[in-house]
Participant: 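Let me give you the structure first, and then I'll get to my questions.
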Amino acid sequence: KAGVTQTPRYLIKTRGQQVTLSCSPISGHRSVSWYQQTPGQGLQFLFEYFSETQRNKGNFPGRFSGRQFSNSRSEMNVSTLELGDSALYLCASSLTGGYSDTQYFGPGTRLTVL
Amino acid sequence: AQKITQTQPGMFVQEKEAVTLDCTYDTSDQSYGLFWYKQPSSGEMIFLIYQGSYDEQNATEGRYSLNFQKARKSANLVISASQLGDSAMYFCAMRESGNTGKLIFGQGTTLQVKP
């Protein structure tokens, strides 16, 4: 079974631009979560989607948004990029997102904002 | 509020020896899951082991075992017979039953295995 895939793997953008990251979950997984990882803040939860609905959300500004398609693939969008948005963005999928459900992570997208 | 604490920023271990990575957690929920992940320098998070709050036995997965002490709210990872490939960052994480899809992570422990 193929793992979680994320595209692109690397991105360089300038301040004020917007960016879209893509995530394809493991086949059969319906829950997709997104995380931001920075050296200063560590790993922080952005949001979770299940059956095309945002079911849970972290404490990030509205510039961070996402969506999920009927095939469970998910996209994350960041508008009006700031220097502080430079980070590794990780996508993870699981069957249901329940507390005992293991999340499997993709390789991440490394975003650099100049 | 839910919180994960990893107090060891960096650890060294000799190849073939065992090592314990500490993790304490805080939650008011009765139903929760505890996870350990490994992150090599490549960046990908690799799932290692899971322990549920109602599990009475410690979880084991190959060379990994979890020392779960519920009353102390600790979930330490034990790696037996360390290998050079175990050198990586290790994260302890928790998910509560009311927080679907959301893992709370500790700050991580960098493990270096010496030949």
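Order of the sequence lines fixes the chain letters, A, B, ..., with proteins taken first and strands second; residue numbering starts at 1 for each chain.
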Participant: For the side chain of Arg95(B) and the backbone of Thr102(A), is there at least one donor-acceptor N/O pair under 3.5 Å apart?
Facilitator: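 Such a contact is absent between Arg95(B) side chain and Thr102(A) backbone.
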
Participant: Do Gln37(A) and Phe91(B) touch side chain to side chain, with heavy atoms closer than 4.5 Å?
Facilitator: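 A side-chain contact exists here, since the closest heavy-atom pair is under 4.5 Å.
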
Participant: For Lys114(B), is the NZ atom crowded, meaning more than 12 foreign heavy atoms sit under 6.0 Å from it?
Facilitator: no

Participant: In this structure, would Leu21(B) and Met89(B) fall into the same cluster of hydrophobic residues linked by side-chain contacts under 4.5 Å?
Facilitator: no

Participant: To the closest 0.5 Å, what do you measure between CG (Asp101(A)) and CG (Leu103(B))?
Facilitator: 10.0 Å

Participant: Inspect the surroundings of NZ in Lys57(A) and state if more than 12 heavy atoms from other residues, nucleotides or ligands are less than 6.0 Å away.
Facilitator: yes

Participant: Which residue in the set Phe47(B), Tyr37(B), Phe35(B) passes ring-ring contact (aromatic ring centres under 6.0 Å, His included) when paired with Phe105(A)?
Facilitator: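 Result: among Phe47(B), Tyr37(B), Phe35(B), Tyr37(B) is the only option passing the ring-ring contact (aromatic ring centres under 6.0 Å, His included) with Phe105(A).
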
Participant: Is Gln107(B) close to chain A through its backbone or its side chain, or both, or neither, when contacts mean heavy atoms under 4.5 Å?
Facilitator: side chain

Participant: Counting only heavy atoms not in Arg15(A) (residues, nucleotides, ligands), do more than 12 fall under 6.0 Å from its CZ?
Facilitator: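 Counting other residues, nucleotides and ligands, CZ of Arg15(A) stays at 12 neighbours or fewer.
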
Participant: Check whether Tyr104(A) reaches the backbone of Ile46(B) with its side chain - one donor and one acceptor, N or O, closer than 3.5 Å.
Facilitator: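 Flag not set: sc Tyr104(A) to bb Ile46(B) has no pair under 3.5 Å.
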
Participant: Does any heavy atom of chain A fall under 4.5 Å from the side chain of Asp29(B), the backbone, both, or neither of them?
Facilitator: neither

Participant: Gln39(B) versus Leu88(A): any side-chain heavy-atom pair under 4.5 Å?
Facilitator: yes

Participant: Is it true that Leu46(A) and Val78(A) fall in one hydrophobic cluster, defined by side-chain heavy atoms closer than 4.5 Å?
Facilitator: yes

Participant: Say whether Phe50(A) and Tyr99(A) are linked into one hydrophobic cluster, either directly or through other cluster members, by side-chain heavy-atom distances under 4.5 angstrom.
Facilitator: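 They do not share one cluster, since no chain of ILVMFWY contacts under 4.5 Å joins Phe50(A) to Tyr99(A).
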
Participant: Looking at every heavy atom in both Ser100(A) and Tyr50(B), which two are closest together, and how far apart are they?
Facilitator: CB-OH, 3.0 Å

Participant: Checking Ser94(A) against chain B: side chain, backbone, both or neither under 4.5 Å from a heavy atom?
Facilitator: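 Neither part.
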
Participant: Could you tell me whether the side chain of Leu90(A) reaches within less than 4.5 Å of the side chain of Glu44(B), counting heavy atoms only?
Facilitator: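 In short, these two side chains do not touch, never coming nearer than 4.5 Å.
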
Participant: Counting only heavy atoms from other residues, nucleotides and ligands, does the tally under 6.0 Å from CG of Asn59(A) exceed 12?
Facilitator: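 Check fails, neighbour count at 12 or below.
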
Participant: Between Phe47(A) and chain B, which part of the residue has a heavy atom less than 4.5 Å away: side chain, backbone, both or neither?
Facilitator: neither

Participant: Measuring only between side-chain heavy atoms, which start at C-beta, is Tyr35(A) closer than 4.5 Å to Phe105(B)?
Facilitator: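 They are in contact (side-chain heavy atoms under 4.5 Å apart), so the answer is yes.
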
Participant: Check whether any side-chain heavy atom of Asn99(B) sits under 4.5 Å from a side-chain heavy atom of Arg55(A), and report yes or no.
Facilitator: no

Participant: For Gly101(B), is there any backbone N or O sitting under 3.5 Å from a side-chain donor or acceptor partner on Ser33(A)?
Facilitator: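 Yes, because the side chain of Ser33(A) sits within donor-acceptor range (under 3.5 Å) of the backbone of Gly101(B).
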
